[in-house]
Amino acid sequence: MELHNTQSLFIYNSISKKKEKFNPINKGAVGMYVCGPTVYSNVHMGNCRTFLSFDLVFRYLKHLDYKVRYVRNITDAGHLENDGESGQDPIAKKARQENIEPMEVVQKYTVDFHQTMSRFNALPPSIEPTATGHIIEQIQIIENIIKEGYGYKVNGSVYFDVNTFNKDHQYGKLSGRKLEDMITNTRELAAQSEKKNPQDFALWKKASPEHIMRWPSPWSDGFPGWHLECTAMSTKYLGQQFDIHGGGMDLKFPHHECEIAQAEAVNKKSPVNYWMHANMLTLNGKKMAKSTGNNILPDELFSGENTVLSKAFTPGVAKFFMYQAQYRSILDFSNEALVASEKGYNKLMDAYRNISSITTADSSSNDISSWKQSCYDAMNDDFNSPILIAQLFEAVKYINTLKEGKTSITKEDLDLLQQTMQAFIFDVLGLTDITTEASGTNDTLCGAVELLIELRDQARANKDFATSDKIRNDLQEVGIQLKDGKDGTSFSLN
RNA sequence: GGCAUCAUGGCCGAGCGGCUAGGCAGAGGUCUGCAAAACCUUCCACAGCGGUUCGAAUCCGCUUGAUGCCUCCA
């Protein structure tokens with residue numbers, strides 16, 4: 001029996017603004033598309049948060065025994081900073097700055113993105129298509145949009161006619177905007193435009209002579225509009241209608257709105273059943289962004305080389321920190337919060353490791369089955385990871401009292417507890433054990449520290465506390481913490 | 001300016017009308033040669049003002065403050 005038959009998952013649908021029971025189009029299978037990064041610079045922690053939010057979604061769907069096809073694109077064609085005539089393409093800009101090919105820029109930052117995701121222990125998507133690999137598909141969609149009467153050509157460029165579309169469709173339904181309001185509130189743009197209306201968006205842009213990335217098309221040598229690639233690739237790999245479309249909150253408008261318009265214009269039906277938007281990670285109370293420089297990079301976090309944090313943090317701790325907030329909430333990145341999460345994370349992992357040393361009894365003082373279901377309830381409620389983590393800490397408390405002999409548990413319950421902890425900590429949350437993560441802990445070091453612990457024990461037995469304290473304090477200074485417990489001394493690296 | 005969202009204890013963060021999460025910090029305790037670590041116990045909330053209700057952090061209105069989108073953005 002597949003788990004999704006016994007667990008009912010509810011997802012907050014951005015378009016209805018309600019939590020809805022999740023029913024996939026094809027029983028037992030899920031199609032999910034998530035907007036990936038534009039690869040013209042290193043991904044920052046804010047970008048990572050979104051991808052880790054959807055990694056959690058992907059993992060939980062898989063855990064529920066769904067067959068998931070997870071498509072996440074790489075935007076490797078630069079798009080203009082605006083639809084006007086004066087925009088810059090960030091990839092081309094970077095290429096010029098570094099005096100390399102645009103595709104070298106793309107390659108460099110795609111590799112960086114993959115390495116970063118892998119350090120966070122995020123699963124790779126099932127398909128990771130690139131925009132430049134789907135130019136033909138995009139051209140076909142443009143032809144169809146024109147044929148349907150929703151696109152128009154100007155000087156070798158093609159634009160989507162939002163006004164015409166809005167006559168028989170509803171432009172703005174995802175982001176809750178009305179076209180009339182948008183027209184009323186149009187900003188005064190100095191630059192003249194080829195567009196009939198400021199709300200129209202580019203499907204194809206004719207390349208200016210100095211523009212490097214260009215492809216032939218029926219209209220001009222040029223490049224596709226930003227919104228088009230996602231429509232092309234999601235349709236190609238998931239069909240005209242699929243289950244889940246995700247992305248960062250900042251893509252809701254105009255990007256996702258335009259995707260809906262394009263797909264509806266061509267396919268005559270709404271492309272997505274469940275829209276999911278991950279909220280922003282802020283720094284100093286403001287959204288992290290590449291352009292403003294208000295951001296922190298994963299490498300700066302892992303190395304501790306940054307101005308915001310007092311020390312380095314592992315990828316697992318950072319991920320745990322982010323999962324302590326729900327994906328739809330704004331989360332502020334701060335030193336204090338990270339430190340707090342790190343302690344909690346270690347506590348959780350310690351307890352998990354201690355499960356193996358628990359002795360069992362004839363009866364259990366806690367109801368493991370209902371606790372297990374409460375873990376599912378948390379995740380079933382729109383992937384509420386903070387509540388899941390709270391539930392895991394309930395188990396931590398139980399494990400610790402078991403260890404102290406204050407409570408009891410049967411063999412069966414202990415196994416169930418262990419399996420459930422394992423499933424949620426490692427499979428669903430995708431966390432890694434910090435001791436293996438910081439695997440500077442090699443045998444050589446262990447041997448040396450064990451020896452020092454032994455010498456210290458002898459000194460203590462002889463009441464030579466000057467020596468024993470020197471060993472303890474000096475080790476502390478180099479970052480090794482000795483921990484005296486009931487059955488001997490252990491150590492950890494800080 | 002327009003459209004949204006949010007405001008919870010010292011800090012982070014759940015909560016979606018009654019049973020008032022969780023983590024960190026603080027306090028008390030157990031353990032210890034002393035510590036640290038670990039563990040146990042525990043204090044502290046719902047931006048302000050009205051309203052609906054037997055009952056509101058939770059629903060409605062107003063006020064104040066913050067953020068996001070309206071241009072590339074996760």
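Only this structure's heavy atoms are used, side chains among them; waters, hydrogens and symmetry mates stay out.
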Does B/C16 pair with anything, Watson-Crick or G-U wobble, both distances under 3.5 Å, and if so, with which nucleotide?
none

Return the pairing partner of B/A4 with a 3.5 Å limit on both distances, Watson-Crick or G-U wobble; otherwise return none.
B/U67

Do [X] and [Y] have side-chain atoms, one donor and one acceptor, less than 3.5 Å apart?
X: A/Ser369; Y: A/Gln373; result: no
X: A/Asp377; Y: A/Ser374; result: no
X: A/Tyr33; Y: A/Asn73; result: yes
X: A/Thr489; Y: A/Asp484; result: yes
X: A/His134; Y: A/Tyr237; result: yes
X: A/His256; Y: A/His227; result: no

Under 4.0 Å, counting only non-hydrogen atoms across every strand here, what does [X] touch: a base, just sugar-phosphate, or nothing?
X: A/Lys286; answer: sugar-phosphate
X: A/Gly36; answer: sugar-phosphate
X: A/Lys343; answer: sugar-phosphate
X: A/Leu338; answer: nothing
X: A/Arg49; answer: nothing
X: A/Ser53; answer: nothing
X: A/His255; answer: nothing
X: A/Lys347; answer: sugar-phosphate
X: A/Lys18; answer: nothing
X: A/Leu348; answer: nothing
X: A/Gly176; answer: sugar-phosphate
X: A/Phe253; answer: sugar-phosphate
X: A/Ser490; answer: nothing

Side chains of A/Lys108 and A/Glu98: closer than 4.5 Å at any heavy-atom pair?
yes

Side-chain heavy-atom pair A/Phe10, A/Phe22 within 4.5 angstrom cut-off
no

Quick check for you: among [options], whose closest atom lies nearest to any side-chain atom of [X]?
X: A/Asp250; options: B/G33, B/C69, B/G23; result: B/C69
X: A/Ala325; options: B/A38, B/G13, B/C11; result: B/G13
X: A/Asn47; options: B/C24, B/A74, B/C16; result: B/A74
X: A/Lys287; options: B/G68, B/C11, B/C34; result: B/G68

Among residues 371-395 of chain A, which contact RNA chain B at a heavy-atom distance under 4.0 Å?
A/Asn384, A/Pro386, A/Ile387, A/Ala390, A/Phe393, A/Glu394

I'd like the P distance from B/C44 over to B/U20, given in whole Å.
14 Å

For atom C1', what is the distance between B/G17 and B/G22, given to the nearest Å?
23 Å

Confirm from the modelled atom types if [X] and [N] form a donor-acceptor pair under 3.5 Å, side chain to base only.
X: A/Asp469; N: B/G33; answer: yes
X: A/Asn400; N: B/A38; answer: no
X: A/Arg472; N: B/C34; answer: yes

